[in-house]
Amino acid sequence: MAGSSRCAASRRLQLPLLCLVFQGATAVLFAVFVRYNQETDPALWHWGNHSNVDNEFYFRYPSFQDVHVMVFVGFGFLMAFLQRYGFSSVGFTFLLAAFALQWSTLVQGFLHSFHGGNIHVGMESMINADFCAGAVLISFGAILGRTGPTQLLLMALLEVVLFGVNEFVLLSLLGVRDAGGSMTIHTFGAYFGLVLSRALYRPRLEKSKHRQGSVYHSDLFAMIGTIFLWLFWPSFNSAPTTLGDGPRRTALNTYYSLSASTLSTFALSALVGGDGRLDMVHIQNAALAGGVVVGTSGEMMLTPFGALAAGFLAGTVSTLGYKFFTPVLESKFKIQDTCGVHNLHGMPGILGALLGVLVAGLATHEAYGDDLESVFPLIAEGERSATSQALHQLLGLFVTLTFASVGAGLGGLLLKLPCLDSPPDSQCFEDQVYWEVPGEHEEEAQGPLRTEEPDTQA
Amino acid sequence: MAGSSRCAASRRLQLPLLCLVFQGATAVLFAVFVRYNQETDPALWHWGNHSNVDNEFYFRYPSFQDVHVMVFVGFGFLMAFLQRYGFSSVGFTFLLAAFALQWSTLVQGFLHSFHGGNIHVGMESMINADFCAGAVLISFGAILGRTGPTQLLLMALLEVVLFGVNEFVLLSLLGVRDAGGSMTIHTFGAYFGLVLSRALYRPRLEKSKHRQGSVYHSDLFAMIGTIFLWLFWPSFNSAPTTLGDGPRRTALNTYYSLSASTLSTFALSALVGGDGRLDMVHIQNAALAGGVVVGTSGEMMLTPFGALAAGFLAGTVSTLGYKFFTPVLESKFKIQDTCGVHNLHGMPGILGALLGVLVAGLATHEAYGDDLESVFPLIAEGERSATSQALHQLLGLFVTLTFASVGAGLGGLLLKLPCLDSPPDSQCFEDQVYWEVPGEHEEEAQGPLRTEEPDTQA
Amino acid sequence: MAGSSRCAASRRLQLPLLCLVFQGATAVLFAVFVRYNQETDPALWHWGNHSNVDNEFYFRYPSFQDVHVMVFVGFGFLMAFLQRYGFSSVGFTFLLAAFALQWSTLVQGFLHSFHGGNIHVGMESMINADFCAGAVLISFGAILGRTGPTQLLLMALLEVVLFGVNEFVLLSLLGVRDAGGSMTIHTFGAYFGLVLSRALYRPRLEKSKHRQGSVYHSDLFAMIGTIFLWLFWPSFNSAPTTLGDGPRRTALNTYYSLSASTLSTFALSALVGGDGRLDMVHIQNAALAGGVVVGTSGEMMLTPFGALAAGFLAGTVSTLGYKFFTPVLESKFKIQDTCGVHNLHGMPGILGALLGVLVAGLATHEAYGDDLESVFPLIAEGERSATSQALHQLLGLFVTLTFASVGAGLGGLLLKLPCLDSPPDSQCFEDQVYWEVPGEHEEEAQGPLRTEEPDTQA
């Protein structure tokens, strides 16, 4: 009893303290290490010809904004499908991403742009930080509703580091290509979240079962997330590609792939649904699998047909996963997966990595022309054959799965520390544990409870 | 009875089969015909000077994204005003547009960019495909709630072809100018939908009357659609214009026209409303008429005043249409128009076409300078007088109305094929026919489990 | 009684007449004065080298669109948190902003771009007009729910003029730098609204108290506003900066500042909340204070650390303001502040102005290099020392506060004219006064009232 009441007192202060400590620490690290890069620092700017740098900016800034919308609006609202967890879905997405982008600016900065004792930041660091935040939010989707904000911040603290290291190993050490992050973002984020979910397995979650579904309007809020993710995915996959034909081809491939995954999702959802009815869960999620599956190969010579075929396959696998595999994942593997990230990010991420292996293995000088230099620099420079590149891509997938699993194992230990703000089994998927929640309907809101509230609503 | 039960069985498989067949067929056609264009194909890229091509891209890609948002978020949520049809509005928009953009890539490709046996795709084909999807969604608005997804896909199959042919006749054969599609998109889409609605007339629709209205929050979801359409309409109208002063002028004209249609809509809505109250239907729809009305003339020398006047007129006509004309359309012409597309797209589209006739007829070398070449190439090259251009514009309107009407007549035959998934009169405007629908409120969703609630609400 | 019934009749016509008169007057002024500028007019375009002008466009147009989204989606939905005032929040935002952008095009045109008897409009005038609309909407937030649309249009009529004059005094006469408008937009808009709210003080507002809170889904709609404001604030602050390193640095600073204000808001909200629970009001608003606080200094050499520190401070002050200062503002100063604009725009705006004083005072040739010319032209040209610039910045803050207060005093007289459409104390925060409102739930919507409605809803 004494322990539990000490926990209660500590719980009240955990979130404020963690936010303040994390923000204080990043601020100090920023003060010591972070500097504007050459394109952002006024004293370094007005020298030489800037037309190439400007061209980058005209493309990257709108791309960045699209990615930014995906991370905060897309992921946040997509997870708002739960009937009583909308505040947490949108709010914790906001908190986690705001922390992750600062923290990953530091981690990625140390790994990728640390020169002369300083990290140099600019447009690219903003895009990369948002990408990392995306991976953290994918993991959040797996454990959505079963963890408190303190636990989530601790998860982000760890995951951002592992994301950075894994990405560094893949892109810088192994020379793997993965512009849209089928491996580094989707596969990593999904399996990190799933292994973490295994570590946090709750055998008595049926106590909260009545809150695991949606209500009519929460499904429409979720569709806001879905549609913005779908719309801006071409920007997501093309944001880090080399200027020229690359961004165009990547955007086009992603656009086709997504349109095909949408059709296959509707087809399969109606096919496996009761009475031929469509299931909103499939539409909200599986229709997006086309964006995941071309994350690696979108910048390559996938061809428009290849993009359609890949998207079609991804939508199919993802919808079938929701219907048949998610229940097995819980009953056999003790992995609870609230948003079905295994279906949207896990399996399509692995498929996307394998597609990358295939398309990289087929790369020829003829097909890519001078552009081979930007898409496969190591092949262009003669350091690797296409087959060798393909094998490196495959190795990248295994490295990613290893980092994600081992990292999430550590994460499980961290998130099971005593006294953290994990909700009891009967209060999962419930905003009221962490938020002041008004009545659902105006009638309720007008009741006697109002007397307590003037100072909070101001 | 036997026929009806055979129908029921077939209905269950219609949507999956149609999606799979359509997706399979487009994929095969893509494999055979569709290739990256010169700016998107790596092997064709690194030759020559790309600065102009790049400039196009810096403008077109953000424009494309804005148009993309309008099509999927704008149209989808605008139609979500119905209290029990939000899943279908947003979901079928998603399905229809995803199919239409693939199919129109093929149709428009055969008509506009078929060289050496191949269709060449890139940024322009993406914008054009989204435009065509917009026309399909306008037609969807007319019959919203009274057709099933199979019927809608069949409509899209036909309408995309007719849209492409009509556009080809106008732009390529007649030399009509119509950048923002007052004719090719709005007039065509609206009258196609309205004639189709006539063909599908339901005399006993009052059985579903109680579901034809909105509820409080569904109107707010619809406002998401309205506002995003309103905001990005300057990008819509300017997306296909020639780089230079054109996009700027088009965006500016559209911005002014929309702001004026907003004021006239508020004025008229309060004027004709009971007790001077505003009507959400008007605000959600008629305020957008300013974008439709400058679709043709936005790139021309409309002048800022002209844009305001046009927008003002369009908002007025549209609001009055909702109040006085829509009921007549149903009672006298047997045309049911769920979203009032006649008021938002039909009449303002025709007005826009006529405004284009007027402004084209006033074109002079003096007013346009060297830019006459991009706005009216045939006048600049001396092949046509301004008056002749104006007459061609007028002819374009009649051609469009003809294609839309005849095409929709065919469409009516197609959609009345036996055994399609048309809802019964008593189940129109109801998601539950096609979707698994959760309870509206958490109480319903929780059912008897509710008894456990006390500890969660504590 | 006779007077009151005359008022009732007049009230019914006020809004339509005011909209028509305002739109008519702006249209006439547009006809007389407004012309396309050189980049927008076809006859003036095809001369000389346009690469710089084009570069501006590739950056400004996407920036403009982001600002546009903030004004209409951001402000509109942010204010939709009230349970029964969503139509008015989103709808009146739409109306006010549509009028303000036309009217401010004229006012700012007379002050800034009036040459040869004409106002020249283009991309910059669009951005500036949207900025001015933003200030009007901030003031709207202070008096939200306690004024009718006629009153709001009158407020906009006055405020746009004062905004223009104040901005002209600051930027053109005093040489103050304020790219993101900590002073000209946020401080001005907030104190204009607060002083106006004082003038319209309602001692018996507790009659509407039960409608001042949110309901569950209205808070989610408000989060749409919050997130879009948060996402596009980097574009807002950088939109008017000089092309080159300026936009990059401003965007980066704003991005960091916002991420820090998000963390400090979560920390403080949980710290001061009952039982450590988070308060949606704080998250929806205070998390945005980081964008306000770097409005002035974002384009300067704030450094990444400085941006984090500023954002952290702003989030803290803003959250504490909501908790402790808003009640005092009402009880002691008789200022009712529905959205807490004092906390989100007022105090952070003043802090931002002071931060600008500090950072300007530290400006050196060494730190800014050649770019000093764009950030502090008067220092670069040797007309001012950094200290003098700092003092001018401070003077700018006092000028702004004076204009806002005196102007809002006048505004109070204007809005208290007899017979305007102010709601009675018992009907504040209630859409039904101004809108046809459907039932909240479908069950209600199916009630007997429905029989009157088919022809309007069509």
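Lettering of chains follows the sequences in order, A, B, ..., and the numbering in each one begins at 1. Just the heavy atoms: all of them, side chains too, but no hydrogens, waters or symmetry mates, feed the values below.
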Counting only non-hydrogen atoms closer than 4.5 Å, does [X] touch chain C with its backbone (N, CA, C, O), its side chain (CB onward), both, or neither?
X	answer
A/Asp130	both
A/Leu95	both
A/Val433	backbone

How many angstroms lie between [atom1] in [X] and [atom2] in [Y], if you round to the nearest 0.5 Å?
X	Y	atom1	atom2	answer
A/Thr105	C/Tyr255	OG1	OH	5.0 Å
A/Leu101	C/Tyr256	CG	OH	8.5 Å
C/Arg248	A/Glu56	CZ	CD	9.0 Å
C/Leu278	A/Asp431	CG	CG	10.0 Å
A/Leu17	C/Leu271	CG	CG	7.5 Å
C/Gln284	A/Phe87	CD	CZ	7.5 Å

With a 4.5 angstrom heavy-atom cut-off, which part of [X] approaches chain A: side chain, backbone, both or neither?
X	value
C/Glu366	backbone
C/Phe325	neither
C/Leu258	neither

In terms of heavy-atom pairs under 4.5 Å, which option from [options] contacts chain A the most?
options	result
C/Asp275, C/Ile224, C/Leu231, C/Thr226	C/Leu231
C/Gln65, C/Glu330, C/Arg249, C/Glu373	C/Arg249
C/Gly246, C/Pro62, C/Pro234, C/Ala267	C/Ala267
C/Thr316, C/Thr250, C/Asn253, C/Thr265	C/Asn253
C/Ala260, C/Ser218, C/Ala287	C/Ala260

* **Side-chain heavy atoms of C/Arg277 within contact of A/Val437, under 4.5 Å** =>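 Sidechains of A/Val437 and C/Arg277: no contact.
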
* Asked: Among A/Phe228, A/Phe72, A/Phe77, which residue meets the ring-ring contact (aromatic ring centres under 6.0 Å, His included) test with C/Phe228?
  ->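 In the set A/Phe228, A/Phe72, A/Phe77, the residue that makes a ring-ring contact (aromatic ring centres under 6.0 Å, His included) with C/Phe228 is A/Phe228.
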
Minimal non-hydrogen separation, [X] against [Y], with atom names:
X	Y	value
A/Pro438	C/Ser214	CB-O, 3.3 Å
A/Gln23	C/Ser259	OE1-O, 4.1 Å
A/Ala43	C/Ala367	CB-O, 3.3 Å

* Apply the test side-chain contact (heavy atoms from CB on, under 4.5 Å) to residues A/Asp41 and C/Asp245: give CA-CA distance (whole Å), side-chain angles for both, the deciding distance (0.1 Å), then the verdict. => CA-CA 6 Å; A/Asp41 188 316; C/Asp245 56 315; over 6 Å; no

* Pair C/Thr262-A/Phe99, side-chain contact (heavy atoms from CB on, under 4.5 Å): steps then yes or no -> CA-CA 8 Å; C/Thr262 303; A/Phe99 167 64; over 6 Å; no

* To do: Verify side-chain contact (heavy atoms from CB on, under 4.5 Å) between C/Asp279 and A/Trp435, making sure each step is shown before the conclusion.
  => CA-CA 6 Å; C/Asp279 188 330; A/Trp435 298 84; over 6 Å; no

* Asked: Do the rings of A/His217 and C/His217 sit parallel, tilted or perpendicular, given the 30° and 60° boundaries?
  ->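 Ring orientation, 0 to 90° scale: tilted.
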
* Asked: Which class fits the ring pair A/Phe94 and C/Trp230: parallel under 30°, tilted 30 to 60°, perpendicular over 60°?
  ->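 Geometry flag for C/Trp230 against A/Phe94: perpendicular rings.
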
* Asked: Does the side chain of A/Tyr61 pick up a donor-acceptor pair with the side chain of C/Ser63 at under 3.5 Å?
  -> no

* To do: Compute the ring centroids of C/Phe232 and A/His68, then answer whether they are less than 6.0 Å apart.
  =>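 No.
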
* Structure fact -> Note: vs chain C, highest number of non-hydrogen pairs under 4.5 angstrom among A/Val28, A/Leu15, A/Val69, A/Leu18 is A/Val69

* Donor-acceptor under 3.5 Å (C/Tyr216 side chain, A/Gly86 main chain) ->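 Yes; at least one donor-acceptor contact below 3.5 Å.
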
Without placing hydrogens or testing angles, list every side-chain donor-acceptor pair under 3.5 Å for residues 300-311 of chain C, not counting sequence neighbours.
unit_1: C/Thr303; atom_1: OG1; unit_2: C/Gly306; atom_2: N; d: 3.0

* **Set of residues satisfying side-chain contact (heavy atoms from CB on, under 4.5 Å) with respect to A/Pro247, sequence neighbours excluded** =>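 side-chain contact (heavy atoms from CB on, under 4.5 Å) check on A/Pro247 returns A/Phe59, A/Ser238, A/Thr241, A/Leu243, B/Phe57.
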
